[in-house]
Amino acid sequence: METAPATGLTFRDATDSDVDALVALIESAYRGDSSRTGWTTEADILAGQRTDAEAVNAVIEAPDSRLLTVERDGTIVACCQLEHRGDHAYFGMFAVSPALQGGGLGKVIIAEAERTVREVWGVKEMHMTVISVREDLIAWYERRGYSRTGQMTPFPYGDERFGIPQRDDLRFELLVKPVV
């Protein structure tokens with residue numbers, strides 16, 4: 001466990017006992033009316049769930065994967081998935097409590113995630129996929145040094161584990177950043 005004194009945040013790997021709190025956090029950041037408090041909502045493009053206990057637990061238990069959990073005053077306020085994939089790491093399942101979005105917390109967390117994968121796994125790049133119609137979110141990542149690759153993968157239409165699409169043009173775009 002590592003504490004960042006300047007921010008009052010504690011970073012640690014998630015455990016099985018965190019699953020329910022993490023599912024609630026991720027859902028609140030992306031789905032339903034609560035997500036509209038922040039700016040990362042997907043409520044207008046996807047209905048249904050963003051994740052579930054099984055998916056969160058799978059990230060916690062997977063080899064070469066960790067679910068970085070961020071606490072402030074003993075409460076989980078953010079998380080992100082880090083997965084070692086050979087010469088790069090994958091960044092996903094990023095969620096910040098909607099009440100805390102827009103205050104710089106995301107910048108601190110992504111910087112810590114990049115430091116972690118560089119130091120723990122020695123990777124030189126971070127990869128992520130973002131729904132291509134999320135221009136505001138992609139712009140935020142670009143300001144953090146991520147580049148659009150134009151490489152697209154299809155959205156899993158028909159698999160409600162990823163949500164219920166409200167439009168027919170959803171795809172994932174690969175974003176990449178050197179972390180050396």
Side-chain angles (χ1 to χ4, degrees), residues 1-26 28-30 38-40 50-51 53-131 134 136-151 153 172-180:
M1 188 169 354
E2 183 172 327
T3 300
T7 60
L9 301 176
T10 301
F11 296 87
R12 63 175 177 80
D13 287 339
T15 65
D16 294 346
S17 65
D18 297 320
V19 170
D20 290 343
L22 289 165
V23 170
L25 169 71
I26 294 163
S28 75
Y30 290 97
W39 67 273
T40 62
R50 175 63 151 67
T51 194
E54 184 180 339
V56 170
N57 197 55
V59 172
I60 293 171
E61 300 296 328
D64 291 327
S65 177
R66 52 198 306 189
L67 189 52
L68 189 62
T69 301
V70 184
E71 294 180 332
R72 179 179 278 159
D73 300 324
T75 299
I76 296 174
V77 297
C79 68
C80 64
Q81 170 192 12
L82 303 174
E83 185 177 322
H84 188 196
R85 295 183 177 177
D87 64 348
H88 69 275
Y90 179 79
F91 179 85
M93 210 176 275
F94 186 31
V96 174
S97 169
L100 299 175
Q101 291 178 17
L105 191 55
K107 294 176 202 172
V108 172
I109 295 164
I110 201 166
E112 177 62 16
E114 292 164 357
R115 185 198 66 76
T116 298
V117 301
R118 184 176 56 249
E119 291 183 8
V120 173
W121 293 323
V123 298
K124 303 208 180 319
E125 282 187 337
M126 184 83 89
H127 291 195
M128 70 174 70
T129 54
V130 179
I131 297 173
R134 298 287 321 274
D136 55 343
L137 185 58
I138 291 171
W140 187 86
Y141 285 121
E142 286 178 313
R143 291 191 300 274
R144 311 277 93 64
Y146 286 81
S147 298
R148 298 180 85 155
T149 65
Q151 183 178 335
T153 55
F172 292 105
E173 182 172 0
L174 176 67
L175 305 181
V176 176
K177 178 183 179 180
V179 292
V180 290

request  = Run the salt-bridge test on E114 and R118 with the 4.0 Å N-O cut-off and return the result as yes or no.
outcome  =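 No.
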
key: From CA spacing to verdict: side chain to side chain contact (heavy atoms under 4.5 Å, CB included), T69, F11   = CA-CA 6 Å; T69 301; F11 296 87; over 6 Å; no

ask   = Is the number of heavy atoms from other residues, nucleotides or ligands under 6.0 Å of Q151 CD greater than 12?
value =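 Open: at most 12 neighbouring heavy atoms sit under 6.0 Å from CD of Q151.
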
Greater than 12 external heavy atoms within 6.0 Å of E119's CD =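 Yes, the 6.0 Å shell around CD holds more than 12 heavy atoms from other groups.
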
ask   = Could you state the interatomic distance from CZ (R66) to CG (D13), rounded to the nearest 0.5 Å?
value =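 Answer rounded to 0.5 Å: 4.0 Å.
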
ask   = Should D16 and N57 count as side-chain neighbours, where that means a heavy-atom distance under 4.5 Å?
value =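 They are in contact (side-chain heavy atoms under 4.5 Å apart), so the answer is yes.
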
query = So do the side chains of L105 and L9 get within less than 4.5 Å of each other, counting heavy atoms only?
reply =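 Of all side-chain heavy-atom pairs linking L9 with L105, at least one is under 4.5 Å.
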
inquiry  = Can you confirm whether the side chains of Y90 and S65 place a donor and an acceptor under 3.5 Å from each other?
reply    =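 Absent: no donor and acceptor within the cut-off.
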
ask   = Donor-acceptor pair, D18 side chain versus T15 backbone, under 3.5 Å?
value =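 Yes.
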
query = Counting distance only, does the side-chain N/O of E125 pair as donor-acceptor with the main-chain N or O of P178 below 3.5 Å?
reply =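 Not at all, since once roles are kept as given, no pair shorter than 3.5 Å links the two residues.
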
ask   = Should the pair W121 and H84 be assigned to parallel (<30°), tilted (30 to 60°) or perpendicular (>60°) ring geometry?
value =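 Plane angle under 30°, so parallel.
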
message = Does the plane of the ring in Y146 sit parallel, tilted or perpendicular to the ring in Y141? Use 30° and 60° as the thresholds.
response =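 Aromatic pair Y146/Y141 classed perpendicular.
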
task = With C80 as reference, evaluate V70, T116, L68, L67 under the side chain to side chain contact (heavy atoms under 4.5 Å, CB included) test and give the passing residue.
result =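 For C80, the side chain to side chain contact (heavy atoms under 4.5 Å, CB included) check succeeds only for L68.
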
